[in-house]
Amino acid sequence: MASISRNLRRSLAPDRLRRLLLLSQHPREYVTAECHRPVVLHKRGPDILHDPWFNRGTAFSMTERDRLGLRGLLPPNVVSSQQQIDRFMLDLKRLQRYAKDGPSDTYPLAKWRILNRLHDRNETMYYKVLIDNIEEYAPIVYTPTVGLVCQNYSGLFRRPRGMYFSAEDRGEMMSMVYNWPADQVDMIVVTDGSRILGLGDLGVHGIGIAIGKLDLYVAAAGINPQRVLPVMIDVGTNNEKLLKDPLYLGLQEHRLEGDEYVSVIDEFMEAVFTRWPNVIVQFEDFQSKWAFRLLQRYRKTYRMFNDDVQGTAGVAIAGLLGAVRAQGRPMIDFPKQRIVVAGAGSAGIGVVNAASRTMARMLGNNEVAFESARSQFWIVDALGLITEDREDIDPDARPFARRKSELGHQGLSEGASLVEVVKKVKPDVILGLSAVGGLFSEEVLEALKDSSSSRPAIFAMSNPTKNAECTPGEAFSILGEKVIFASGSPFHDVDLGDGKIGHSNQGNNMYLFPGIGLGTLLSGARVISDGMLQAAAERLASYMKEEEVLEGIIYPPISRIRDITKEVAAAVVREAVAEDLAEGYRDMDAHELARLSEEETIEYVKTNMWSPVYPTIIYKKD
Ligand SMILES: NC(=O)c1ccc[n+]([C@@H]2O[C@H](COP(=O)([O-])OP(=O)(O)OC[C@H]3O[C@@H](n4cnc5c(N)ncnc54)[C@H](O)[C@@H]3O)[C@@H](O)[C@H]2O)c1
Ligand SMILES: O=C(O)C[C@H](O)C(=O)O
Ligand SMILES: [Mg+2]
């Protein structure tokens with residue numbers, strides 16, 4: 001249970017201290033803290049052992065075995081939850097060496113299979129293993145291995161997890177949604193599988209990405225695992241290989257398009273918000289053409305956000321501000337940065353939109369400020385530099401197309417190559433969201449040597465690993481120790497010799513989406529505003545200490561993800577309150593939320609985070 005620090009006790013007025021103490025000591029009155037609350041079940045015996053939400057296997061005590069009809073169904077030796085984990089870890093380390101299917105199979109996939117089996121039989125223990133070893137296992141249950149999992153899903157599929165809504169379910173979704181066993185769902189991550197990481201259309205097998213994101217919601221944000229729901233909306237696939245694959249698990253027809261497609265998503269949104277009016281829906285890995293449209297369609301009416309557009313933008317802004325600080329300059333110098341972005345999809349355009357708004361705010365938020373901010377970005381896509389001369393320009397990219405008047409004196413023209421643009425612009429930052437592995441070639445990195453910055457920054461943000469625009473090894477070997485490096489997938493730091501380290505930061509939206517979801521939940525905000533997203537990004541940016549940033553560490557290590565998520569969530573709660581969007585959560589009404597200081601808000605968030613502790617189970621007849 002959360003304790004209240006001595007400093008906080010001293011600084012609080014008596015009535016506030018009382019309220020906060022109540023909050024941490026009597027979770028039943030004030031907070032979720034489900035892990036400490038007895039659970040009433042209407043089943044006994046093997047039904048409990050086969051329910052991963054409540055199963056605790058050999059850790060069931062003798063009295064529980066008697067009470068729940070389990071005596072004789074388990075080996076007699078009762079073990080502690082720690083002994084149980086020690087035994088599992090020993091087995092995991094042993095098995096992962098032998099569990100390869102063959103020479104082409106990889107260790108990560110073997111680890112994933114073993115962890116997934118644990119997930120299937122004992123959720124509490126699964127999340128304890130994940131939280132306690134997050135550095136080792138986030139890359140297994142999440143990026144990059146989750147990509148491999150989606151690519152191999154038909155072979156890996158054992159038990160279903162989450163819900164599937166398909167084009168064939170039209171007209172049925174409102175009733176289908178009641179097939180899900182939980183009366184309360186806090187977080188849904190939904191995908192249509194059309195753009196999974198940088199791997200393209202994986203159809204129904206993309207459900208793996210929703211599962212992986214929700215694993216982080218539980219591990220990083222402490223969302224109760226019984227209240228998360230991964231969803232796949234199967235509207236077909238345009239992946240010709242899957243359309244012909246006899247082992248494919250989804251609809252073998254081309255994707256629905258236009259109004260037909262939108263009507264399926266509309267029906268899904270209506271159904272889930274009817275059953276769970278307070279749920280938050282995170283859209284994940286929708287192809288860009290739908291990502292923006294659906295976001296605009298729903299964001300004013302539903303509690304939803306698009307992680308690839310908005311979460312990525314916030315993480316990129318935090319990293320870009322870190323890169324400014326790493327140059328020994330104040331954050332307010334951000335609007336002077338010249339930034340070349342490779343990739344004009346949902347992620348690239350999302351970043352440029354939000355980053356230019358941040359610059360404009362720093363410059364006074366007027367028309368001149370917006371124009372000045374816009375002119376700091378050069379976007380290059382598959383057809384080269386995007387300019388006003390582009391025919392059939394994507395409406396989302398249009399505001400950032402380089403103006404004719406600018407092109408002449410820069411010596412650039414429509415379609416200029418990335419290397420040409422880097423040579424001419426001499427940017428402070430190159431940022432890749434192109435899904436093209438190796439795009440930041442030797443030539444591009446050589447060109448970046450002429451950057452006008454004392455510490456140029458490279459963000460190779462595409463996933464998974466093989467899609468990264470370059471590796472940290474390539475970046476440091478060409479540009480030397482001063483370069484700042486971040487990538488979407490995890491890489492090891494680079495040994496630069498003489499005791500020097502080239503830091504490899506992971507610039508992944510995992511540092512924001514869990515906090516955005518948790519903060520929205522705990523504030524009870526009805527929508528997720530730009531201000532809430534901005535507050536999340538700013539908190540992530542300020543989380544890094546001056547000395548870390550000067551060393552080139554611009555994102556926290558994943559081992560701190562639970563702590564950073566708590567801070568981000570608190571910032572989101574406070575912004576929701578400031579914007580008058582917060583309606584409160586459970587017994588914490590909007591009025592009370594508004595009275596919480598910054599420190600109290602952090603404490604409130606912390607107290608509401610689920611931890612993997614076995615609950616007391618009570619049996620009651622139906
Ligand atoms: N690190 C993160 O947190 C994070 C977040 C979101 C997305 N991503 C990654 O970003 C990538 C892109 O996602 P998206 O949804 O925007 O995809 P998308 O397919 O919609 O967009 C890709 C863009 O890259 C452009 N492109 C293709 N080839 C190019 C080339 N040779 N040079 C320059 N641009 C080129 C395309 O024209 C397109 O504009 C994916 O790999 C995804 O995994 C990472
Ligand atoms: O899933 C990730 O690791 C980040 C991002 O959402 C992506 O689509 O690549
Ligand atoms: Mg994504």
Side-chain angles (χ1 to χ4, degrees), residues 1-3 22-95 114-133 158-162 178-186 214-215 218-219 222-229 586 607-622:
M1 194 177 299
S3 61
L22 258 181
L23 206 89
S24 70
Q25 286 167 5
H26 297 287
R28 285 158 72 182
E29 268 94 55
Y30 276 89
V31 293
T32 48
E34 275 83 8
C35 37
H36 302 291
R37 194 188 281 205
V39 176
V40 178
L41 292 188
H42 302 286
K43 55 185 165 194
R44 310 180 79 223
D47 288 345
I48 294 181
L49 296 181
H50 292 145
D51 184 337
W53 283 350
F54 303 109
N55 179 29
R56 66 165 83 173
T58 50
F60 275 116
S61 69
M62 284 326 266
T63 46
E64 280 165 331
R65 293 179 192 202
D66 279 339
R67 223 175 46 232
L68 303 172
L70 295 170
R71 193 176 268 261
L73 299 185
L74 290 159
N77 201 6
V78 174
V79 301
S80 69
S81 50
Q82 190 52 49
Q83 283 171 315
Q84 210 178 19
I85 285 182
D86 293 346
R87 196 183 55 210
F88 172 79
M89 293 304 289
L90 204 71
D91 208 38
L92 172 59
K93 301 279 173 203
R94 187 182 60 81
L95 276 177
I114 301 164
L115 287 169
N116 187 51
R117 286 201 291 268
L118 178 62
H119 200 178
D120 280 346
R121 61 179 186 271
N122 183 334
E123 291 227 347
T124 315
M125 191 170 151
Y126 171 75
Y127 286 112
K128 176 104 177 100
V129 168
L130 185 56
I131 291 169
D132 290 352
N133 303 278
R158 294 291 177 276
R159 285 194 199 190
R161 184 177 299 285
Y178 286 86
N179 291 343
W180 185 248
D183 283 334
Q184 194 171 337
V185 171
D186 291 338
L214 284 164
D215 271 349
V218 178
I223 300 286
N224 186 326
Q226 289 168 39
R227 298 191 184 167
V228 302
L229 173 55
R586 300 193 152 191
T607 319
N608 273 285
M609 288 167 78
W610 179 89
S611 307
V613 176
Y614 288 127
T616 303
I617 299 176
I618 293 160
Y619 167 71
K620 259 203 181 144
K621 272 203 178 132
D622 268 334

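Remember, predicted model here, so these are calculated numbers, not experimental data.
Residue N116 holds its CG atom at 9.0 Å from CZ of R158, rounded to the nearest 0.5 Å. For the atom pair CG (L41) and CG (L68), the distance works out to 7.5 Å, reported to the nearest 0.5 Å. Taking CH2 from W53 and CG from N224, the interatomic distance works out to 8.5 Å, rounded to the nearest 0.5 Å. From L70, atom CG reaches atom CE of M62 across 10.0 Å, with rounding to the nearest 0.5 Å. The distance from atom CG of N55 to atom CG of L74, rounded to the nearest 0.5 Å, is 8.0 Å. In this structure, D132 CG and Y127 OH are separated by 14.5 Å, a value rounded to the nearest 0.5 Å.
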| request: Would you please test I223 and L214 for side-chain contact (heavy atoms from CB on, under 4.5 Å) and show each step? | output: CA-CA 9 Å; I223 300 286; L214 284 164; over 6 Å; no
| Passes side-chain contact (heavy atoms from CB on, under 4.5 Å), T58 versus Q84? Steps please. | CA-CA 8 Å; T58 50; Q84 210 178 19; 3.7 Å; yes
| task | For the pair Y614 and E64, evaluate side chain to side chain donor-acceptor pair (under 3.5 Å) and give the outcome as yes or no after the intermediate values. | result | CA-CA 12 Å; Y614 288 127; E64 280 165 331; over 6 Å; no
| request: In sequence, state the C-alpha distance, the side-chain angles, and the governing distance for K620 and H42, and then conclude on side-chain contact (heavy atoms from CB on, under 4.5 Å). | output: CA-CA 5 Å; K620 259 203 181 144; H42 302 286; 4.2 Å; yes
| message | Show, in sequence, the C-alpha distance, side-chain angles and deciding distance for R44 and R67, and conclude whether the side-chain contact (heavy atoms from CB on, under 4.5 Å) test is met. | response | CA-CA 9 Å; R44 310 180 79 223; R67 223 175 46 232; over 6 Å; no
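The two residues A219 and L130 have their closest heavy-atom pair at CB-CD2, 3.9 Å. Considering all non-hydrogen atoms of both residues, I618 and P38 come closest at CD1-CB, 3.6 Å. Contact detail for L73 and P46: the closest heavy-atom pair is CD1-CD, 3.7 Å. Looking at every heavy atom in both residues, F60 comes nearest to F54 through CZ-O, 3.6 Å. Between L92 and I114 the shortest heavy-atom distance is CD1-CG2, 3.6 Å. Minimum interatomic distance between R65 and N77 (heavy atoms only, all atoms of both residues): NH2-O, 3.9 Å.
Under a 4.0 Å N-O distance rule, the pair R117/D120 does not qualify as a salt bridge. A salt bridge links K43 with D51: the closest approach of a Lys/Arg side-chain nitrogen to an acidic carboxylate oxygen falls below 4.0 angstrom.
Listed by chain and residue number, nothing satisfies the side-chain hydrogen bond (donor to acceptor under 3.5 Å, both in side chains) test with N133 (two or more places apart in sequence, or in another chain). Considering only residues two or more places apart in sequence or on other chains, Y126 meets the ring-ring contact (aromatic ring centres under 6.0 Å, His included) condition with H119.
Inter-residue side-chain proximity for Q82 and D86 is flagged as met; some heavy-atom pair is nearer than 4.5 Å.
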